[in-house]
Structures are given as C-alpha cells and as structure tokens.
Amino acid sequence: MTKKYAEMNEAEKLIMDYLQVYAFKRVNARPPREKDAVEIVLEEIAVRLGLID
C-alpha cells in the first residue's frame, strides 16, 4: 500500500516531487534517456519508505 500525497510528510513529498521532475526530464529528452543514478536512488528510497511500489 502506498501513501497518498496528502498523507506524506515534507521530506516524503520532496522525494516524490524530485522523482516526478527526473522522470519528466528523462521521458521528454530527445532521444529519451535511461534512468540516471540519482533517479534510481530516489526510487529506492521511495520504495523503502513505502511511497511507491
């Protein structure tokens, strides 16, 4: 079960916001690029905090 954005504390919201920015930049790059180290680490943190599956 993942947390809803409204239920997250400020640190969790910041992690999710950065993940959205990195994903947006990656998907909209020409040509689309692979995930970089920062995005991979942010995803791992979010998974461990239960923010995403």
Side-chain angles (χ1 to χ4, degrees):
M1 181 74 180
T2 59
K3 287 186 179 179
K4 293 184 175 144
Y5 192 81
E7 298 170 344
M8 295 178 189
N9 65 38
E10 292 302 312
E12 293 169 335
K13 286 180 181 178
L14 186 62
I15 290 169
M16 294 305 292
D17 291 345
Y18 273 113
L19 271 175
Q20 286 181 327
V21 169
Y22 271 91
F24 180 81
K25 286 182 177 182
R26 177 175 43 83
V27 170
N28 289 313
R30 293 291 174 243
R33 62 176 175 79
E34 298 295 318
K35 291 181 183 179
D36 63 5
V38 174
E39 188 175 2
I40 292 168
V41 169
L42 285 173
E43 280 185 345
E44 183 62 29
I45 291 168
V47 167
R48 289 182 185 202
L49 292 175
L51 305 177
I52 59 175
D53 293 328

**Heavy-atom side-chain contact between K4 and E7 under 4.5 Å** = yes
**Item:** Intermediate values then yes/no, salt bridge (Lys or Arg N to Asp or Glu O under 4.0 Å), E43 and K35
**Value:** CA-CA 10 Å; E43 280 185 345; K35 291 181 183 179; 2.9 Å; yes
**Message:** For the CZ atom of R26 and the CZ atom of R33, what is their distance to the nearest 0.5 Å?
**Reply:** 7.0 Å
**Prompt:** How long is the span from the CD1 atom in I40 to the CD atom in E34, to the nearest 0.5 Å?
**Reply:** 9.0 Å
**Message:** Measuring only between side-chain heavy atoms, which start at C-beta, is L49 closer than 4.5 Å to I15?
**Reply:** yes
**Asked** Less than 4.5 Å apart, any side-chain heavy atom of D36 and any of Y22?
**Response** yes
**Request:** Taking atom types as modelled, find out whether Y5 and D17 have a side-chain donor-acceptor pair closer than 3.5 angstrom.
**Result:** yes
**Prompt:** How long is the gap from CE on M16 to CG on L14, to the nearest 0.5 Å?
**Reply:** 11.5 Å
**Complete:** CD (E12) and CG (N9) are apart, to the nearest 0.5 Å, by 4.0 Å
**Fill in**
Taken to the nearest 0.5 Å, the spacing of I52 CD1 from K3 NZ works out to 13.5 Å
**Prompt:** Any side-chain heavy-atom pair from V21 and K25 closer than 4.5 angstrom?
**Reply:** yes
